[in-house]
Amino acid sequence: MTQTTSKSTTGGVQSVERAFELLEVIARAGGEAALSELAADTPLPLPTIHRLLRTLVGVGYVRQLPNRRYSLGPRLIRLGEVANRQLGALASPVLKELVGKLGESANIAVLDGDMVTYIAQVQSPHSMRMITEVGRRAMLHNSGVGKAVLSVLDDERVQRLVAQAGMPPKTANTITTLGKLFTDVEASRERGYAIDEEEQELGVRCIAVPVPGAPTPMAISVSGPVTRVDQKFIETAIPELQQAARELGLQLVAAAD
């Protein structure tokens, strides 16, 4: 009896791990994947994948699309919202310290499908400041946090995500071709930070860096009017941003242990 129970428990834990593995594969694919992609990206046998997907679809964590592909399901939304709130609370002290040192609004955003979602902000004390509503989504190709996130993804995934979302112009400075975006992303990789040069909003400049070791791609940024966020400010802000990103990354790793 004890052996049977032990085997059952082990099998149940293994099934949970495999189910989460499938969810991770779908998420890495941008939120949607074909059965063949799931089979190629996991060591699981096809019958096991079928069985797990049926269970996940049944409880609403995965849904099957009319084209027979599988996407993340609506029941994950509530879990994601709660997790983002907790992550925002964890990040708040780091953002407050940044604002205290730099005097401009600081934000954190995470990859959310083919866009980024802002999960925390601490506002600048200046009367003229950037205000970003927590929960607002931004596109990857024209935001500092978006391009910082793209800089840690491989080129194939960058192309897939941008193709899904499109590259509509927000201002005359918005990058609207894939070739120019790849050039910008490669520059971000080389220097270690991304810049939004009035690409979302005229008169606003944003500097962002990816958070190392984060469980999902995310970035931390500071933004403000171009009259204050000039080259001298950028030179001061970059090491502070990178240090803040390292601190947050360590906190996230510690929280996951």
Side-chain angles (χ1 to χ4, degrees), residues 24-34 36-38 40-41 69 71-72 107-119 130 132 136-224 226 229-231 233-235 237-239 241-242 244-246 248-249:
E24 290 284 353
V25 172
I26 296 173
R28 285 198 300 272
E32 180 183 319
S36 59
E37 294 172 300
L38 295 173
D41 288 349
R69 291 171 68 85
S71 71
L72 298 178
N107 308 277
I108 291 179
V110 298
L111 182 63
D112 181 10
D114 53 16
M115 300 180 75
V116 288
T117 297
Y118 289 96
I119 61 169
M130 300 306 105
T132 301
R136 186 174 76 82
R137 303 181 81 207
M139 303 201 75
L140 295 168
H141 74 292
N142 64 7
S143 62
V145 285
K147 291 192 287 183
V149 163
L150 290 178
S151 73
V152 300
L153 306 180
D154 61 69
D155 288 350
E156 181 181 350
R157 191 174 180 192
V158 169
Q159 183 167 354
R160 184 170 64 248
L161 291 177
V162 173
Q164 287 174 191
M167 300 178 68
K170 288 289 291 290
T171 74
N173 293 341
T174 304
I175 295 172
T176 56
T177 67
L178 195 57
K180 288 183 178 179
L181 180 63
F182 270 120
T183 299
D184 193 280
V185 168
E186 187 57 38
S188 299
R189 289 169 178 159
E190 290 176 1
R191 66 187 174 222
Y193 63 91
I195 304 180
D196 161 10
E197 287 280 9
E198 303 183 73
E199 296 164 51
Q200 274 204 97
E201 185 178 347
L202 290 176
V204 176
R205 183 174 286 129
C206 174
I207 309 100
V209 301
V211 176
T216 189
M218 68 177 64
I220 186 169
S221 71
V222 289
S223 56
V226 293
V229 182
D230 54 15
Q231 187 57 40
F233 175 90
I234 292 173
E235 291 171 2
I238 293 306
L241 267 172
Q242 291 172 334
R246 284 192 294 269
L248 181 58

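The first residue of the sequence shown is numbered 1, and numbering continues consecutively from there.
Atom CD of Glu24 has 12 or fewer neighbouring heavy atoms from other residues, nucleotides or ligands inside a 6.0 Å radius.
Without hydrogens or angle criteria, His141 side chain to Gly146 main chain gives no donor-acceptor distance under 3.5 Å.
For the residue pair Leu38 and Ile26, the shortest heavy atom distance occurs at CD2-CG1, 3.7 Å. Between Ser143 and Gln200, the shortest heavy-atom distance links the atoms CB-NE2, 3.4 Å. Residues Gly113 and Leu161 approach most closely at O-CD2, 3.6 Å, considering heavy atoms. When all heavy atoms are compared, the tightest approach of Ile195 to Glu199 is O-OE2, 3.5 Å. Looking at every heavy atom in both residues, Ala237 comes nearest to Val222 through CB-CG2, 4.4 Å.
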Run the side-chain donor-acceptor check on residues 202-211: report pairs under 3.5 Å with partners two or more places apart or on a different chain.
| residue | atom | partner | partner atom | Å |
| --- | --- | --- | --- | --- |
| Arg205 | NE | Glu197 | OE1 | 2.8 |
| Arg205 | NH1 | Val229 | O | 2.6 |
| Arg205 | NH2 | Glu197 | OE1 | 3.1 |

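Within the 4.5 Å cutoff, the side chain of Pro217 has heavy atoms near those of the Leu153 side chain. Two residues are said to be in side-chain contact when any heavy atoms from C-beta on lie closer than 4.5 Å; Val162 and Met167 meet this criterion. At a threshold of 4.5 Å between non-hydrogen side-chain atoms, the residues Lys147 and Ile175 count as touching.
Shown here are the salt bridge (charged side-chain N to carboxylate O under 4.0 Å, His left out) partners of Arg137, two or more places apart in sequence or in another chain: Asp112.
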Does the side chain to side chain contact (heavy atoms under 4.5 Å, CB included) test come out yes or no for Val116 and Leu140, once each step is laid out? CA-CA 7 Å; Val116 288; Leu140 295 168; 3.6 Å; yes

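From Asp196, atom CG reaches atom CG of Asp184 across 9.5 Å, with rounding to the nearest 0.5 Å.
Sorted by first and then second residue, the side-chain hydrogen bond (donor to acceptor under 3.5 Å, both in side chains) pairs with a member in residues 150-176 read Asp155-Arg189; sequence neighbours excluded.
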